[in-house]
K.L.:
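Shown below is the structure under consideration.
Order of the sequence lines fixes the chain letters, A, B, ..., with proteins taken first and strands second; residue numbering starts at 1 for each chain. None of the values given here were measured: they were computed from a predicted structure.
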Protein chains: 2
Amino acid sequence: MTSSPASDKRQHVVETAYGLFKRAGFHATGIDRIIAEADVAKMTMYRHFPSKDELIVEVLDYRARRFARQLDRLAEEVATPGQKIAKIFDWHQRWFRSPDFHGCLFAHALAEFGDPEHPVFKAVARQKNGLKKRMQLILEEEMPRGRAESVAAVLLMLIEGATLLAQMGQADTAIRDARKAALDIIAASRRPR
Amino acid sequence: MTSSPASDKRQHVVETAYGLFKRAGFHATGIDRIIAEADVAKMTMYRHFPSKDELIVEVLDYRARRFARQLDRLAEEVATPGQKIAKIFDWHQRWFRSPDFHGCLFAHALAEFGDPEHPVFKAVARQKNGLKKRMQLILEEEMPRGRAESVAAVLLMLIEGATLLAQMGQADTAIRDARKAALDIIAASRRPR
DNA sequence: AAGTGGTGAAACAGGTCTGTCTCATATCTA
DNA sequence: TAGATATGAGACAGACCTGTTTCACCACTT
């Protein structure tokens with residue numbers, strides 16, 4: 001079985017496309033550009049992905065899995081909900097500082113694929129709702145479910161807003177203010193023990 | 001002087017382009033589509049705007065002026081900073097509920113034009129920084145300048161995040177939670193009188 | 001009456017887009 | 001050895017993209 005080299009090509013296309021989509025956007029990045037950068041024949045790409053849209057979905061899902069895995073690891077390092085949430089904000093701080101930060105790929109996808117029925121839109125919704133749910137579950141440890149859901153929504157909004165401000169060159173102050181606001185909100189919502 | 005009909009055509013192109021950009025995005029909307037929808041000759045468009053990019057900038061600036069005017073009016077209706085900020089959130093609630101809400105055009109522009117040197121990027125930064133500054137000036141009435149700037153940044157993040165969640169079908173809960181969080185933060189930062 | 005400026009219609013150029021098709025090649029399995 | 005599978009290279013189709021050019025028209029001003 002030659003399944004490893006096959007998957008390698010496939011994965012290589014996904015990662016190359018990710019880099020291009022991130023820098024130039026989805027519509028502005030052509031198939032020809034992707035296969036040239038990945039050094040792969042066009043048919044190789046179309047054999048793995050039936051269309052560009054499905055490649056985009058694959059890129060998004062791939063990044064979503066990676067992101068979830070990283071947050072899983074971070075959550076294991078600390079104990080309290082407040083610390084776990086703080087870790088998530090710290091992760092974003094490091095992300096904003098990384099050399100080729102270009103904003104949130106999922107938010108960008110939402111901008112270019114606004115139809116709620118489009119597979120790309122649904123992939124974005126999956127990722128964002130997943131992050132919200134993750135934070136909600138963390139918070140439920142020390143507040144009622146309904147309250148945890150509202151707080152998780154606010155934290156998600158802070159993160160999304162901070163990411164947008166970071167893309168506009170205000171990364172440091174944005175994530176610092178967002179983190180502080182987040183922890184204040186959690187402290188105020190905490191169930192007394 | 002026939003300057004009025006000239007301006008009429010120009011403005012009509014801007015408004016038509018706005019509707020299309022909002023629904024389909026910038027790169028996905030072609031010039032041909034715009035002039036067809038606006039029922040205008042291609043040369044008429046290119047006489048008013050040297051390029052598509054400059055048309056995009058004009059559309060963004062036009063919407064930014066409109067938005068600022070509406071907030072100006074709302075601010076006159078009430079007295080305290082808290083009320084003025086609440087009015088801004090209420091405005092967003094109405095926006096999210098409007099029949100053809102498609103998310104924030106400026107955020108979408110940022111997704112498609114990520115180069116900080118690009119005129120479109122700069123137009124987005126102008127609008128977002130303008131909104132932040134507006135809220136900061138409101139807040140300075142009852143808190144120190146540094147604090148007002150941080151709170152304004154947090155409010156902006158809440159608004160941007162709420163807009164993104166609204167586009168994903170969570171308009172009502174998002175704006176409600178964001179508004180409550182915003183007013184709590186302002187109350188906690190208020191300078192004692 | 002002559003001129004001026006905005007406009008319309010449509011062809012055109014040169015490029016890019018997604019996706020298909022064909023044919024040759026390399027590698028691994030049975 | 002024969003066959004299956006993945007790939008490479010590139011031509012190709014048909015549509016769409018931005019922006020330019022040309023010519024005619026119409027309304028208004030002087």
Side-chain angles (χ1 to χ4, degrees), chain A residues 1-60 108-109 111-113 115 118-121 123, chain B residues 1-21 23-60 108-109 111-113 115 118-120 123:
Chain A
M1 265 248 270
T2 349
S3 78
S4 315
S7 305
D8 285 349
K9 290 279 180 190
R10 185 191 153 96
Q11 188 56 23
H12 184 228
V13 168
V14 168
E15 276 161 24
T16 305
Y18 163 66
L20 291 170
F21 288 152
K22 175 170 76 170
R23 286 175 190 83
F26 298 95
H27 285 114
T29 301
I31 295 285
D32 288 345
R33 185 94 167 75
I34 297 171
I35 62 169
E37 189 102 347
D39 199 36
V40 143
K42 188 180 272 194
M43 273 318 292
T44 302
M45 201 222 90
Y46 272 105
R47 233 175 263 115
H48 285 298
F49 307 99
S51 70
K52 184 186 178 184
D53 282 2
E54 304 216 24
L55 169 62
I56 295 174
V57 170
E58 181 62 33
V59 168
L60 293 176
H108 294 176
E112 296 202 51
F113 300 87
D115 175 9
H118 196 288
V120 170
F121 185 103
Chain B
M1 266 250 265
T2 350
S3 76
S4 315
S7 305
D8 285 350
K9 290 280 180 189
R10 184 189 152 95
Q11 189 55 25
H12 183 228
V13 168
V14 168
E15 277 161 23
T16 305
Y18 163 66
L20 292 171
F21 289 151
R23 286 174 191 83
F26 298 94
H27 285 114
T29 302
I31 296 283
D32 288 344
R33 184 94 166 73
I34 296 172
I35 63 168
E37 189 103 346
D39 199 35
V40 146
K42 188 181 272 194
M43 272 320 292
T44 302
M45 200 222 91
Y46 273 104
R47 230 176 263 115
H48 287 297
F49 307 99
S51 69
K52 184 186 177 182
D53 282 2
E54 304 217 22
L55 170 60
I56 294 174
V57 170
E58 180 63 32
V59 168
L60 293 176
H108 294 177
E112 296 201 51
F113 300 87
D115 175 10
H118 197 288
V120 170

K.L.:
Could you state the CD-C1' distance from B:Q11 to C:dG6, rounded to the nearest angstrom?
P.N.:
17 Å

K.L.:
Using a cut-off of less than 4.0 Å, is there contact between a side-chain N or O of A:T44 and OP1 or OP2 of D:dA6?
P.N.:
no

K.L.:
Quick one, A:F26 and B:H27 - any side-chain contact, counting heavy atoms below 4.5 Å?
P.N.:
no

K.L.:
Between D:dA27 atom P and B:K9 atom NZ, what is the distance in whole Å?
P.N.:
13 Å

K.L.:
Between atom CD1 in A:I34 and atom P in C:dT16, what is the gap in whole Å?
P.N.:
16 Å

K.L.:
In B/S/- notation, 5' to 3', how is nucleotides 11-23 of chain D contacted by protein heavy atoms closer than 4.0 Å?
P.N.:
------SBBBBB-

K.L.:
Closest heavy-atom contact between A:A41 and A:I35?
P.N.:
O-CG2, 4.3 Å

K.L.:
Answer with yes or no whether the side chains of B:D39 and B:H12 bring together a donor and an acceptor at under 3.5 Å.
P.N.:
no

K.L.:
OP1 or OP2 of C:dT7 sitting under 4.0 Å from any side-chain N/O of B:H48?
P.N.:
yes

K.L.:
For residues A:I56 and A:F49, determine if any side-chain heavy atom of one lies less than 4.5 Å from a side-chain heavy atom of the other.
P.N.:
no

K.L.:
Does some side-chain heavy atom of B:H48 sit less than 4.5 Å from a side-chain heavy atom of B:V14?
P.N.:
no

K.L.:
Of all residues at least two apart in sequence or in a different chain, which pass the side chain to side chain donor-acceptor pair (under 3.5 Å) check with A:E37?
P.N.:
A:R33

